[in-house]
Student: 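Here you go, one structure.
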Amino acid sequence: MGKDTIVCRCEDLSLEEINSWIEKGYQTFDEIKRVSRVGMGPCQGKTCRAHILRLLAEASGTPLERMHPATFRPPVKPIRLGTIAGGDRDD
Amino acid sequence: MYKTEILVVGGGPAGLAAALAAAEQGAEVTLADRNSDLGGQLVKQTHMFFGSKGQYASERGISIAKILKEKAAATGKIRILTGATVTGYYEDKKVTIEAGDKFFPVEPQRVIFATGAQENTLIFPGCDLPGIYGAGAVQTLMNLHGVKPGNRVAMVGAGNIGVIVSYQLLQAGVEVAAIIEAAPRIGGYYVHAAKVRRLGVPILTSHTVIKAHGNHCLEKITIAELDEKRQVMAGSERDLEVDVLCVSVGLSPLAELLFQAGCRMGYVPELGGFVPFRDDCLETSVAGIYVAGDAAGIGEASAAMVQGRIAGLAAAASLGYGKDTFLEKVTEAGRELTGLHGGPTGEKIRTGLAKLTLLAKEAV
């Protein structure tokens, strides 16, 4: 079990892979994001964040409410480069 | 630069009520929603609402959406942007909107976040197989787009959404093999659960799904019974042949824009996750930013509409609109909200709100 359980569908990361980062000592969602791209796909972590925070909380024995929820940066969804390059009518 | 007095983000019941209340007080409002039509989750809710007359009880969700939209249009003070996603909140107090192939900044004086919620998911082997949906997604597919999701469904979760969507699946001619609930009791209202039981659908409490099988799409699931500690009981595993699995295990507030705006947040399980600290008028820790509806904590549409009204009245009053009627109107709305959160069904929300108040005090 673990290989067939996909935690992050956008970046295709399994429970086994996430657990291996946690075992190596990664302690926050943002740290795991930097090494694995978890939460950086189209859904921007909407699906996987809660699961990973729970796994991290369980591993460290920290109550969930004390976990750092990860950094949320704009944009909250993917935007086409062409749309951004189009700019505002004032530009 | 697009400027507006009040920007309401999200056109569901909370956002529509907020825009309406603010516009009726005389404020100029922009209402942005990422979907092609306003109404949020109301547009697929074919069942009747409970509650009191003030919040459209005995009306169906779809009718409430229509009434609110007509009222909003009639004010002539609300600029409605549909197909418009608010993609970020920036340090200079501007937001950006993506609408079709346009991407532009907006400078609002006040913002009301009524961004709603997202469906929670479960992780288990095979959980990414096609045929596994959120229950809300299936409701959208059927009731809004007229698409039958499959032929034989298993529902995970016997809360209100789980039992209501199960009933609507049966109405659509889809077989419901079972409703599977990890808790030892049914969470949804008795009337909804009784309807599906009368139609012969088993509700398996203290059960969970442990695996999904299929080559290219869902073919069957393995379920198992849980003991008092919610551990799988050995030997209780059995298979159910289904082509659709609906997951209805709660909602989480959509809070990323509130985080970006720097609102102070607290984690309250009873409210669905991270929610912003706020005062009685639903103003967050950032002056001029308000919250309403599921984004403020998971609840029902009737309460969301009242919260929206309070936030709309308060945002308008802070700009000098309707100051003479504000106190009377907001007091009345506050009374309605207390009523909606009263009784045994409101206990979870009351506990959640009390916890949030405590967290906010600790954080000072």
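Atoms considered below: every heavy atom in the structure, side chains included; atoms not considered: hydrogens, waters and symmetry mates. A, B, ... follow the sequence lines: proteins, then strands. Residue 1 opens every chain.
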Student: Taking the side chain as C-beta and beyond, is there a heavy-atom pair between B/F259 and A/P69 under 4.5 Å?
Tutor: yes
Student: Sort A/R66 into side chain, backbone, both or neither according to what part of it lies under 4.5 angstrom from a heavy atom of chain B.
Tutor: side chain
Student: Nearest 0.5 Å, what's the CG-OG1 distance between B/D128 and A/T5?
Tutor: 8.5 Å
Student: Hey, which of B/T96, B/L359, B/L122 has the most heavy atom pairs under 4.5 Å with chain A?
Tutor: B/L122
Student: Between A/R54 and chain B, which part of the residue has a heavy atom less than 4.5 Å away: side chain, backbone, both or neither?
Tutor: side chain
Student: Looking at B/K94 and B/D92, is there a salt bridge between them, counting it only when a charged N and a carboxylate O are closer than 4.0 Å?
Tutor: yes
Student: Between B/V86 and chain A, with a heavy-atom cut-off of 4.5 Å, which part of the residue counts as in contact: side chain, backbone, both or neither?
Tutor: backbone
Student: Can you tell me which portion of B/E256 sits under 4.5 Å from chain A's heavy atoms? Options are side chain, backbone, both or neither.
Tutor: both
Student: Among A/M67, A/K77, A/R9, which residue forms the greatest number of heavy-atom pairs with chain B at distances under 4.5 Å?
Tutor: A/K77
Student: Centre of B/Y290's six-membered ring, under 6.0 Å away, within 45 degrees of the axis: is that where NZ or CZ of B/R278 sits?
Tutor: no
Student: Can A/T62 and A/S60 be counted as having a side-chain donor-acceptor contact under 3.5 angstrom?
Tutor: yes
